[in-house]
Structures are given as C-alpha cells and as structure tokens.
Amino acid sequence: MSFSQDMDDEYEKLIRRMNPPRVVIDNDSCKKATVIRVDSANEYGILLEVVQILTDLDLTITKAYISSDGGWFMDVFNVTDQDGNKVTDEVVLDYIQKSLGPEACFSTSLRSVGVIPSTDSTVIELTGCDRPGLLSELTAVLTHLKCSVLNAEVWTHNTRAAAVMEVTDDLTGSAVSDPERLSRIKNLLRNVLKGSNTPKEAKTVVSHGEVHTDRRLHQMMFEDRDYENRVVDDESSSVQDERQRPDVCVDNWLDKDYSVVTVRCKDRPKLLFDTVCTLTDMQYVVFHGSVDTEGTEAYQEYYVRHIDGSPVKSEAEKQRVIQCLEAAIKRRVSEGLKLELCTTDRVGLLSNVTRIFRENSLTVTRAEVKTKGGKALNTFYVSDASGYSIDAKTIDSIRQTIGQTILKVKNKPKEQQQREKPPSQESPTRFLFGGLFKSKSFVNFGLVRSYS
C-alpha cells in the first residue's frame with residue numbers, strides 16, 4: 001500500500017470516529033414493514049454496502065429513501081422477511097445493528113453475510129459462451145480432478161455464462177493449494193468454456209480471497225460485456241425479449257448537474273441490490289433516490305453523477321447506462337422450470353445430476369448450489385435445449401432416475417407470462433424528489449432504449 005493510500009485510510013477512520021454511524025430499527029411506525037434508518041458519514045460505495053448487508057440477510061426492501069448529498073449519508077429502508085412480515089428475529093436485528101452501526105465503523109474489509117470464507121476452500125470464477133450442457137461438462141471435469149463443489153452460483157444472459165464456485169479437495173476436504181494442480185484445473189476448465197467457434201475469450205480465475213458471489217457475478221458479466229447487442233435469429237424470441245425488457249430511462253437535469261435514472265420493471269428479490277451494484281461498478285454516485293413497489297411492479301429513481309462529478313455527458317454514455325441496467329436486472333430473472341434437489345451430499349453428485357439433465361435435452365439457465373451439514377441443497381432453472389416447452393414426461397423420467405423425493409418441481413412453465421404486457425408507461429420519469437429540486441431548467445433528453 002502506498003503512503004497516500006495509507007493516509008487516506010487513516011483519514012477515513014478519523015472521520016468515522018468523529019461521526020460514528022447510527023442505526024435505528026423501528027417496528028412500530030409502519031404496519032407492514034420494519035423501518036431501518038441509517039445515518040453515517042458519506043463515502044463512495046456505502047449505499048451498496050448497506051443494501052448488500054440487508055439483501056444477504058434475505059430481507060425484502062419494499063421502499064427506500066436515499067439522500068447522501070454532501071458529507072452525510074441518510075437512508076430509510078422498509079424491509080420484510082421472506083414471508084412478507086416484519087423482522088422480529090433478535091439475532092437478525094442484532095446483526096444489522098452490529099454490521100451497520102458504530103461497532104463496524106472501523107472495518108475496511110467488506111462486511112457481508114454472503115462473503116465466501118477462503119481458509120478451507122478454493123474459489124473458481126468462470127466466464128464464457130453459454131451452450132446446452134455447459135454446467136454438466138464443467139462439473140464433470142471437476143469430479144475427474146477430484147474436486148468437490150461446496151457452493152456455486154451460475155448465471156446465463158445474452159449467450160454468455162458466468163459462475164463462481166467454491167471447491168475443496170476430495171481427499172483432504174480443504175482448499176486445493178498445489179500450484180501445478182491449480183494450473184491444470186484452470187487450463188482444463190478454460191478448454192471446456194472455449195468450446196468451438198467461440199468469438200469471445202473464456203476466462204478462468206482461481207483464488208483464495210474473499211468473494212461476494214452476487215457482486216462478483218455482476219462484475220464478471222459486466223467485464224464480459226454481456227450487455228451488448230447480439231444477433232437474434234428467432235424473430236419470435238426477439239419480440240418476446242422486447243416485451244419482457246425492463247423500462248429504463250436516463251434524463252439530465254442540467255440546472256442541478258444530475259442525471260436522473262429511472263427503472264420500472266417486475267419486482268423480484270434482490271432487485272435493488274442488482275441496480276445499485278451496477279451503478280456503483282460503473283462508477284456512478286447516487287445522491288438521492290427513491291424505491292417503491294406497487295403490487296408486482298417496482299419503481300426506482302436515482303439522482304446520480306459520475307465519480308468525477310459530472311452527469312451523463314453523451315448519448316453513447318446514456319445508452320450504455322440503459323443497457324447495463326437492463327442486463328443487471330435480466331441476469332437474475334428466473335426463466336424456465338424450477339427444480340429443487342435436497343439429499344445427502346456425496347462426491348460427484350452435481351456432475352451426475354447435471355449429466356442427467358443434459359441427456360434429457362435440458363439446459364440449465366441458472367443454478368444455486370449449497371452444501372450445509374452434509375446436505376446438498378441445490379436449485380436449478382432449466383429449459384428445453386431446443387427452445388420448446390418441457391415435456392412433463394421428461395421431468396417424470398428425470399425424477400424417477402434421481403429420486404421422486406430428492407428432486408422436486410417448484411413451479412410450472414407459464415407460457416402466458418411471456419405474452420404479458422410491458423409495465424405501464426405514464427411518463428419517462430416520475431421525479432419523486434421533484435419537490436426538492438424545483439427548476440425550469442430541467443432538460444429532458446427523452447427515452448432511449450437499446451436492445452440487450
């Protein structure tokens with residue numbers, strides 16, 4: 001670390017000592033949600049850190065009011081548990097206080113429930129071109145190399161795939177440490193990712209550092225430029241994607257030097273984290289914002305500037321922001337049939353299950369793999385590799401092979417959802433904070449969309 005960086009860290013610690021964060025958790029003022037107020041000295045990335053901590057606790061943020069103009073950060077979040085109830089678990093409430101309050105204010109490392117511990121495992125990050133059977137091929141290689149997958153998350157979007165896997169040595173149950181073996185693992189996995197006729201380079205990274213899985217997946221796909229346009233051969237798929245696409249708008253308020261980013265789309269878990277994560281990774285600072293959910297629809301509005309202090313400067317930059325936010329929202333959209341597997345963990349389990357999917361012409365569009373207390377708790381979103389509806393007989397056959405009580409179907413494909421009307425468009429922006437910034441100098445560039 002350089003001398004200047006060291007001085008910056010010491011200055012940051014001094015500011016926090018003088019202005020320790022304050023967290024107020026209120027279960028009385030709102031009938032349907034727990035209200036969490038966070039006051040703190042402002043610093044770049046603090047909004048993402050707060051949202052990340054709440055999201056990692058599986059809390060749903062139903063409303064949020066963000067204000068961080070100047071040197072102070074003041075945010076209010078209305079949150080519920082996964083069942084839509086107020087948060088009353090004392091362990092969870094205590095963790096929120098400790099993670100966001102004064103006790104945590106001197107920590108320079110990422111404070112999060114979702115960070116993968118690195119002492120007893122090896123973290124493998126993979127990016128490459130998506131294709132049917134890819135997860136099966138990757139897990140087969142790991143099984144052959146005598147590596148067990150403890151935890152993993154796999155995303156696919158726009159013909160690209162990214163995965164973060166936490167693996168251990170089958171023999172020792174600990175991290176893989178031999179440099180030659182690590183190099184072999186990287187090379188073999190990279191060869192699988194390359195496939196044939198792949199226009200983009202496949203990447204494999206092996207590390208023992210701390211990783212926040214969801215954030216890394218966003219960063220990996222962003223670096224892989226999954227937000228860029230692609231050629232769609234199937235006209236019906238193009239129309240379907242257009243209808244499902246989030247409504248993202250970027251306008252400039254020149255009198256205040258803000259760019260106003262609005263997002264309207266179907267609500268889902270972790271939506272706020274996904275948008276804030278992307279804005280942060282693109283080096284935009286949120287000065288004010290509001291988040292609201294109305295039934296199944298979510299509305300988000302952010303007043304942002306680039307980290308250099310400027311609003312969006314050009315039409316090209318504007319379109320890039322729109323593309324990246326659309327991609328961030330769609331990466332986690334759960335398309336296809338949801339299958340849950342729960343059984344005693346064993347060597348090669350993930351490889352065997354995904355092989356059975358591949359042999360039955362199913363492709364995995366998203367996966368969450370967890371191991372806890374010797375149990376494998378895996379969730380797969382699968383679709384037919386040829387693009388047709390999944391035959392119920394195929395699922396019955398797979399369940400008989402794997403075990404009816406082990407593999408369960410959690411939802412049914414809803415083709416009618418693909419024909420849903422897009423969210424209503426009242427106006428390009430709602431400007432929930434318009435009362436704070438009354439001005440006639442607001443310049444609206446209009447709504448520009450870009451297909452991703």
J.: Can you list the residues that meet the salt bridge (Lys or Arg N to Asp or Glu O under 4.0 Å) rule with Asp81, with sequence neighbours excluded?
T.: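 For Asp81 there are no salt bridge (Lys or Arg N to Asp or Glu O under 4.0 Å) partners, ignoring immediate neighbours.
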
J.: Can any side-chain N or O of Thr34 pair as donor or acceptor with the backbone N or O of Val87 at less than 3.5 Å?
T.: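 Side chain of Thr34 to backbone of Val87: a pair is present.
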
J.: Do any N or O atoms from the side chain of Asn252 and from the backbone of Val312 form a donor-acceptor pair under 3.5 angstrom?
T.: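 Pair found, side chain donor or acceptor close to backbone of Val312.
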
J.: Ring-plane angle category for Phe273 and His212, please: parallel below 30°, perpendicular beyond 60°, tilted otherwise.
T.: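 Because their plane-to-plane angle lies in the 30° to 60° range, the rings of Phe273 and His212 count as tilted.
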
J.: Could you tell me whether Asp170 and Lys146 have a side-chain N and a carboxylate O separated by less than 4.0 Å?
T.: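 Salt bridge: no.
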
J.: Is a donor on one side and an acceptor on the other found under 3.5 Å between the side chain of Ser183 and the backbone of Pro179?
T.: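 It does not hold such a pair.
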
J.: Using only atom types and a distance under 3.5 Å, with no angle test, would you say the side chain of Lys32 pairs donor to acceptor with the backbone of Asn78?
T.: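 No; judged by distance alone, with no hydrogens or angles, the pair does not exist.
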
J.: Using modelled atom types and a 3.5 Å cut-off, is there a donor and acceptor pairing between side-chain atoms of Asp83 and backbone atoms of Asn85?
T.: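 No, Asp83 side chain to Asn85 backbone: no donor-acceptor pair under 3.5 Å.
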
J.: Going through the distances and angles, do Lys203 and Asp224 end up as a salt bridge (Lys or Arg N to Asp or Glu O under 4.0 Å)?
T.: CA-CA 9 Å; Lys203 295 181 181 178; Asp224 200 39; 5.6 Å; no

J.: Could you tell me whether the side chain of Arg305 and the main chain of Asp257 form a donor-acceptor pair under 3.5 Å?
T.: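 Yes, the answer is positive, given that a donor and an acceptor are paired below the 3.5 Å cut-off.
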
J.: Can you sort out the partners of Lys370 under salt bridge (Lys or Arg N to Asp or Glu O under 4.0 Å), two or more places apart, ordered by chain and number?
T.: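 Applying salt bridge (Lys or Arg N to Asp or Glu O under 4.0 Å) to Lys370 gives none.
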
J.: Calculate, to the nearest 0.5 Å, the distance between atoms CG and CZ belonging to Leu337 and Phe380 respectively.
T.: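 Taking CG in Leu337 and CZ in Phe380, the distance rounds to 12.5 Å.
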
J.: For Arg22, look at atom CZ and say whether over 12 heavy atoms of other residues, nucleotides or ligands are found less than 6.0 Å away.
T.: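 No, because the 6.0 Å sphere around CZ of Arg22 holds 12 heavy atoms or fewer from other groups.
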
J.: Check the pair Arg37 / Asp26 against salt bridge (Lys or Arg N to Asp or Glu O under 4.0 Å), numbers first and verdict last.
T.: CA-CA 8 Å; Arg37 298 181 179 88; Asp26 178 5; 3.7 Å; yes

J.: For the atom pair CD (Glu166) and CG (Asp120), what is the distance rounded to the nearest 0.5 Å?
T.: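 Those atoms lie 9.0 Å apart.
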
J.: Working to the nearest 0.5 Å, report the span between CH2 of Trp155 and CZ of Arg332.
T.: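 If I round to the nearest 0.5 Å, the distance is 4.0 Å.
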
J.: More than 12 heavy atoms of other residues, nucleotides or ligands under 6.0 Å from NZ of Lys270: is that the case?
T.: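 Atom NZ in Lys270 is crowded, with more than 12 foreign heavy atoms closer than 6.0 Å.
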
